[in-house]
Amino acid sequence: MVNREISRPVLQSGRPAIGYWQSPGRVNLIGEYTDYNLGFVLPFAIDRRVFVAVAKSNEPGVTIRSERKNSVVSRKYSSLRRNEPVTWASYVLGVIWAFHQSGISLPGLEVSLDSDIPPGAGLSSSAAIEAAVAVAINDITSTGLSRLHLAKLCHVAETEYVGIPVGIMDQMAVVNGRSRHAMLIDCRDESVVQVPLNVEQIMVIDTRVRHSNKDGRYAQKRERCAWAVSQLGVSSLREANLTMVDDALEGESRRIARHVVTENDRVLETVNRLSNGESIGDLLVSSHRSLQYDFDVSCQELDCIVDVAMANGADGARMFGAGLGGCAIMIADDPPRIVTLVEKEFYRHGYRPPRSFGVIASDGAGAV
Ligand code: GLA
């Protein structure tokens, strides 16, 4: 944990902030690579956050300071262009750009950020920056955008300004989070149903293997899904079933489509089990195996976590997020014992030591 006061970042000019806002990161309980296939996801917002302090300025632009990076960026609004080289400031600039694109003019701004979400770990630290800035601007300008509109605006910032073709899950999750609930999001009609999450604490185990969605692999998977859609003659993989997939596709396309179709079923079954107070562990493991063998986005460190957890009595474990590194979640009666065994196995294989911490389902973005 950070040992400084992260909830009150200091502005570069030293002037007092007019307010403080925050957004959580997210963990996805289940429903991976289903969002841009217009299926179901079941994420929850976590008790790790990005905080922003904001002041108005007289310049027609923004000065952004990152406490964690100890770095400052100043930009005139008129200079913002899509697809600029991606830096830590891009997620703030993207939201400002997206507000301008929707015809909302902004006063000059000064923004300072701080965070205790490990960056690049698949916990949506970028969506959290976007959402914290978006709710701040929404309040300051009294624009009154709805939660859905804010999530979509952040999604435009990420896909059109930053230029990464992600689905809507992360932005919806960090904006709509509710304490002690996961969210069943239908990515076709964009509805959100809050599902009570009565699992005491969920462990996150970070492999510390880093992979960026900017490197083209994420976009390539998305193209493969689009190709499968065209071969099946449906409007999205949400419309497909296993018989159609097995009849019409083969090789990699069949495996990719099979993951998406089965994952949608697992999300709905998870919601059923949670409402009946039943274990969801085996569904988490099936999701992981499907991502490992069919969608092919796991890695040896993530597989090691799941293998060790399941060989030692965990209820369930799976990778989450885009994969190829990042984190796994684990549900177990005695997490510290299993984490120690995972650490030993990582050491034996010569992997970097993992980091682990518990997370609690928390509220979404808003004023502090
Ligand atoms: C990343 C993206 C999400 C989603 C997941 C995979 O986190 O940002 O939109 O596609 O990968 O489920």
Side-chain angles (χ1 to χ4, degrees), residues 24-48 122-124 127-128 131 147-148 151 155 166-204 236-238 259-291 294-295 297-298 302 306 314-323 326-331 358-365:
R26 68 97 189 89
V27 157
N28 189 16
L29 191 58
I30 196 162
E32 224 60 79
Y33 285 98
T34 43
D35 60 353
Y36 60 69
N37 288 305
L38 305 188
F40 299 103
V41 292
L42 190 63
F44 59 95
I46 58 173
D47 50 336
R48 292 218 164 202
L123 293 160
S124 291
R147 297 256 137 200
L148 176 60
H155 186 244
V166 292
I168 192 93
M169 168 171 72
D170 302 349
Q171 289 77 17
M172 289 289 271
V174 302
V175 162
N176 290 298
R178 186 185 295 174
S179 166
R180 300 192 171 276
H181 288 75
M183 289 152 269
L184 173 64
I185 304 171
D186 179 337
C187 298
R188 185 167 64 189
D189 68 13
E190 294 167 336
S191 60
V192 178
V193 175
Q194 299 288 349
V195 179
L197 188 58
N198 294 319
V199 180
E200 263 317 290
Q201 201 187 50
I202 294 180
M203 251 355 239
V204 169
S236 73
L237 285 180
R238 167 76 172 272
H259 165 73
V260 176
V261 169
T262 57
E263 186 78 346
N264 276 327
D265 290 345
R266 282 187 287 269
V267 174
L268 296 178
E269 177 59 13
T270 302
V271 172
N272 265 335
R273 300 246 198 116
L274 286 172
S275 40
N276 294 332
E278 293 164 8
S279 162
I280 59 169
D282 59 313
L283 296 168
L284 302 190
V285 178
S286 312
S287 168
H288 183 85
R289 297 304 176 207
S290 180
L291 289 157
D294 279 349
F295 211 80
V297 286
S298 187
L302 288 165
V306 175
D315 188 32
R318 64 179 286 270
M319 59 152 277
F320 66 87
C327 299
I329 40 169
M330 176 179 74
I331 301 178
V359 287
I360 298 170
S362 301
D363 287 333

Can you find a heavy atom in the side chain of H259 that is under 4.5 Å from one in the side chain of L291? yes

Please assess L268 against N272 for the test side chain to side chain contact (heavy atoms under 4.5 Å, CB included), listing each intermediate value before the final yes or no. CA-CA 6 Å; L268 296 178; N272 265 335; 5.7 Å; no

Which residues satisfy the salt bridge (Lys or Arg N to Asp or Glu O under 4.0 Å) test with E32, sequence neighbours excluded? R318

Quick one: side chain to side chain contact (heavy atoms under 4.5 Å, CB included) partners of V261, sequence neighbours excluded? A240, L242, V245

Can you tell me if CZ on R289 sees more than 12 non-hydrogen neighbours from other groups inside 6.0 Å? yes

For residues 358-365, run the donor-acceptor check on the side chains, cut-off 3.5 Å, and write out each pair with its distance to 0.1 Å, sequence neighbours left out.
unit_1, atom_1, unit_2, atom_2, d
S362, OG, D47, N, 3.3
S362, OG, I360, O, 2.8
D363, OD1, S179, N, 2.8

Going from OG1 on T34 to CG on D265, what distance comes out if it is rounded to the nearest 0.5 angstrom? 11.0 Å

For residues 166-178, which side-chain donor-acceptor pairs fall under 3.5 Å, sequence neighbours excluded?
unit_1, atom_1, unit_2, atom_2, d
D170, OD1, R26, NE, 2.9
D170, OD1, R26, NH2, 3.1
D170, OD2, S124, OG, 3.2
Q171, NE2, E130, OE1, 3.1
Q171, NE2, E158, OE1, 3.4
N176, ND2, M172, O, 3.0

Work out which heavy atom in V41 is nearest to a heavy atom in G31; give both atom names and the distance. CG1-O, 3.2 Å

Within this structure, what is the CG-CG distance for the pair D315 and L284, rounded to the nearest 0.5 Å? 7.5 Å

Could I get the full list of salt bridge (Lys or Arg N to Asp or Glu O under 4.0 Å) partners for R266, not counting sequence neighbours? E263

Residue pairs meeting salt bridge (Lys or Arg N to Asp or Glu O under 4.0 Å), one or both in residues 272-283, sequence neighbours left out, come to E269-R273, R273-D282

Please enumerate all residues that pass ring pair (Phe, Tyr, Trp, His ring centres under 6.0 Å) together with F44, with sequence neighbours excluded. none

Can you name the salt bridge (Lys or Arg N to Asp or Glu O under 4.0 Å) partners of D294, sequence neighbours left out? R258

Residues two or more places apart in sequence or in another chain: which of them pass ring pair (Phe, Tyr, Trp, His ring centres under 6.0 Å) with Y33? Y218, F295

Let me confirm one number: the CG-CD1 distance from N28 to I185, rounded to the nearest 0.5 Å. 8.5 Å

Evaluate side chain to side chain contact (heavy atoms under 4.5 Å, CB included) for L123 paired with F320, printing each intermediate quantity in order. CA-CA 9 Å; L123 293 160; F320 66 87; 3.7 Å; yes

Geometric cation-pi criterion R188 and F40, 6.0 Å radius, 45° cone: no

Ring pair (Phe, Tyr, Trp, His ring centres under 6.0 Å) involving H288 - partner list, sequence neighbours excluded: none

With N198 via side chain to side chain donor-acceptor pair (under 3.5 Å) - residues at least two apart: none

Between CD1 of I280 and CD1 of I331, what distance do you get to the nearest 0.5 Å? 4.0 Å

To the nearest 0.5 Å, tell me how far T270 OG1 sits from I30 CD1. 4.0 Å

Has S275 got a side-chain atom pairing as donor or acceptor with V271's backbone, closer than 3.5 angstrom? yes

Could you measure the distance from the CE atom of M183 to the CG atom of L29? Nearest 0.5 Å is fine. 10.5 Å

Please list, chain by chain and in numerical order, all residues satisfying side chain to side chain donor-acceptor pair (under 3.5 Å) with D189, sequence neighbours excluded. S191

